[in-house]
Amino acid sequence: MESSSSSCHKHSSTSVEHPKAIIHIDIDCFYAQVEMLRNPELRSQPVGIQQKNIVVTSNYEARKYGIKKCMAVTDAIKICPNLKLVNGEDLHNYRAASNNIFAALQHWKCPVEKLGMDENFIDVTNLVEERIKSVKDDKITFVGHIYEESITECLCGCHLRLKIASQMAKEMRKKLFDELGFTTSAGIAHNKLLAKLICPLHKPNDQTTIFPEHGASFMSTLQSVRSIPSIGSKTTEALISQNIITVSDLQKVSVDLLKKHFSSDMAVRLKNLSIGEDNTPVKQTGKPQSIGLEDSFKTVSVKSEVEERFSALLQRLLVLVREDGRIPVSLRVTLRKKDVKRLSSHRESRQCQVSPSIFTINHGAPTVTEAGQQKLMTLIMRLFNKLIDLSKPFHLTLVGLAFTKFQERMTGRGSIVNYLMNDISVQSVLNITNDCDTSASSMDYSAASPSSSTTTDLSDGEVEPSPKKPKKVNWIAKRRCLSKEEVASPSKLKVGELRLNSRELEKVSELRLNSRDRSLTPRASPAKDNLSDTDTMKDGSEGGNCDECPSYVDKEVFNALPDEMQQELKAMWKNPSNSELPRSSPRIMNKAKSNTILKYFVPHK
DNA sequence: CGGGGACTGT
DNA sequence: ACAGTCC
């Protein structure tokens, strides 16, 4: 992004100062719209969405009565006695709707970043550039509101770009309404900050564009620094203590003054935000990095009730994990102690590893047996014990449960490995030999996590061995065999379905440049491999990030694979009993075959 | 003051 | 790992 402008910075006539076009789309009163779509009778009535004793949002009918976000239920009913309350504690439907919206926005092939459930940023810069080439300028008209008509146009061409972006915003909003039934509001600007802040100006069901030259003056109309996204209660407190209350105040103070109370980085960022400048990129949203649930309540003070709450949460959580498709490897328990002083925030948590073998792939989805659930409950209560001294009374107001790290699942529909395993050319990469018994006992099974890890070792006979003391296993003996049909089954997936996200693609190029110093397991013991005597070993050189690779694997090919897949493969080599592998003799990857694989992973040009 | 998550910093 | 901050 930056490089495009620097390449022509000498020629001010072609310099692009505001090269991007960003759309922010906000679903109007999201929860309420979801409920009204489910039950159209609600449309004509005032509706509030209730979570515990709070009305978290409401439809526009209810807002006429003065219902506000996060209002107490009792207050809301006083204001509006015939308010229809819908319980919104289970977010399942909202999450599904949110995913539908996100999916619909992928249609334009632009980066889309989700912000919470009901907001999305779309970077349409590339799309705008394409359309500029293919369409006559004078046929382009604005759609929606403009924050302030400009007398003079910015020379960088951003007005034309934003004009086109305003049309795209309209198209997107139309699609969301026609296909999903949602009314939305949109903001169009050259950065995320202004796009988000300008969005509500003509809410609901309309859109607004702002030009860069009005950024600073628009920002100064905001009353509190708090209204700037990323400035929360703590930062606001710090600013107010310096007598900086409004955005206008912030515009006037020097960066040096700010540096006395914030990190240098933060000081510069704050100053830029105040004048409407923001260079943070729209980052394509992918799979979540954690999946969790919380349950809050008045007070819980007995262990058995805690256990019941966790058990209920676990049941629900396992459904979400099944839907996600990945296998979790880390579990976190959170709780909030009753504390008269602090309000909601003060949470404490403990986490530990979970053995992936607790999960089994069933009809392509990770599931847990009854016994597995017992094991998880044991882990949970053990973490709970670390947080609470049971010899003393305790009072909790919240418990939470989250899976926080994932191993891409190794088999099943949609899995990269599943796809590749159906490709004969790749079986040689994945191949596990039947005749390396001698090497099996000397394989390096060190876990990828550094031994300095402070991960709680909760292991006993029931849980995963500690990464600190890698246990040598004979993985040949433990390995499951596949039936002929499974090995021979034709690929169920089209190449097009094997789409990597941009992060993975980045990773590939990064790895290829940089495969040398990523060794995760500095070897303490030189006692390694009799593997090197295999006839398929073609490169005896040290280095690469492939220390755990069996010798028959082509390291170049391995290093070119996406990080996640590398992790999958390493996990399989480490624990073959956990995966289903084809059983055939080792082969050297031939060059032509390698290329056919690589073309799926390496970005074109 | 609900129910999720992401990111940052140590 | 875990807390803090933000949405």
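Computed over heavy atoms, backbone and side chain alike; hydrogens, waters and symmetry mates excluded. Residue numbers begin at 1 in each chain, while the letters A, B, ... track the order of the sequences.
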* **Under 4.0 angstrom between A/S290 side-chain N/O and B/dG4 OP1 or OP2** => no
* To do: Have a look at A/I228 and say if it touches a base, only the backbone sugar-phosphate, or nothing, with a 4.0 Å heavy-atom cut-off.
  => sugar-phosphate
* To do: Between C/dC2, C/dG4, B/dG4, spot the one nearest the side chain of A/L293, thanks.
  => B/dG4
* Closest to the A/L91 side chain: B/dG4, B/dC7, B/dG2? -> B/dG4
* Touch check for A/K69, heavy atoms < 4.0 angstrom, all strands: base, sugar-phosphate only, or nothing? -> nothing
* Could you check which of C/dC6, B/dG3, B/dG2 has an atom nearest any side-chain atom of A/E294? => B/dG3
* Asked: Is any side-chain nitrogen or oxygen of A/S349 closer than 4.0 Å to OP1 or OP2 of C/dA3?
  -> yes
* **Polar contact flag, side-chain donor to acceptor under 3.5 angstrom, A/D256-A/S254** => no
* B/dG4 OP1/OP2 closer than 4.0 Å to side-chain N/O of A/Q51 -> no
* So what does A/G116 touch, heavy atoms closer than 4.0 Å: a base, only the sugar-phosphate, or nothing? -> nothing
* Asked: Would you call A/E305-A/R309 a salt bridge at under 4.0 Å N-O?
  -> yes
* May I have the distance from A/L115 (atom CG) to C/dC6 (atom P), rounded to whole angstrom? => 14 Å
* **Atom-pair distance (CG on A/L270; C1' on C/dC6), nearest Å** => 13 Å
* **A/K52 side chain near B/dG3 phosphate (N/O to OP1/OP2, under 4.0 Å)** => yes
* B/dC1 phosphate, OP1 or OP2, under 4.0 Å from A/S296 side-chain N/O -> no
* Asked: Can you tell me if the side-chain N/O atoms of A/K234 get under 4.0 Å from OP1 or OP2 in B/dT8?
  -> no
* Structure fact -> Rounded to whole Å, the CZ-P distance (A/F30 to B/dG3) equals 17 Å
* Rounded to whole angstrom units, what separation is found between the CD atom of A/E113 and the P atom of B/dG5? -> 16 Å
* Asked: Are A/T183 and A/Q33 linked by a side-chain donor-acceptor pair shorter than 3.5 Å?
  -> yes
* Asked: Are OP1 or OP2 of C/dC7 and a side-chain N or O of A/R226 less than 4.0 angstrom apart?
  -> yes
* **Any donor-acceptor pair under 3.5 Å from A/Q50 side chain to A/V55 backbone** => no
* Asked: Of all the choices, C/dC6, C/dC7, B/dA6, which nucleotide is nearest to the side chain of A/K196 once you look at every atom?
  -> C/dC7
* Asked: Base, sugar-phosphate alone, or nothing: which one does A/Q50 contact when heavy atoms must sit under 4.0 Å apart?
  -> nothing
* Does the side chain of A/Q315 reach to within under 4.5 Å of the side chain of A/Q373, using non-hydrogen atoms? -> yes
* Could you check how far CZ of A/F262 sits from P of C/dT5, rounded to whole Å? => 12 Å
* Asked: Which pairs, with at least one residue in residues 113-122 of chain A and sequence neighbours excluded, count as a salt bridge (Lys or Arg N to Asp or Glu O under 4.0 Å)?
  -> A/E113-A/K192, A/E119-A/K196
* Select from A/L313 and A/S263 the residue whose nearest nucleotide in DNA chain B is closer to the 5' end of that strand. => A/L313
* Using a cut-off of 4.0 Å on non-hydrogen atoms, how would the nucleic acid contact of A/E89 be classed: base, sugar-phosphate, or nothing? -> sugar-phosphate
* Write down the distance between CG (A/N120) and P (B/dG5), rounded to a whole number of angstrom. => 16 Å
* To do: Indicate whether OP1 or OP2 belonging to B/dG3 is found under 4.0 Å from a side-chain N or O atom of A/R347.
  => no
* Protein-nucleotide distance (A/Y94, atom OH; B/dG3, atom P), rounded to Å -> 12 Å
* Asked: OP1 or OP2 of B/dG4 less than 4.0 angstrom from a side-chain nitrogen or oxygen of A/R95, does that happen here?
  -> yes
* ring-ring contact (aromatic ring centres under 6.0 Å, His included) partners of A/Y60, counting only residues at least two apart -> none
* Asked: Rounded to whole angstroms, how far apart are CG on A/D90 and P on B/dG4?
  -> 8 Å
* Identify, between A/I54 and A/D265, the residue whose nearest nucleotide on DNA chain B lies closer to the 5' end. => A/I54
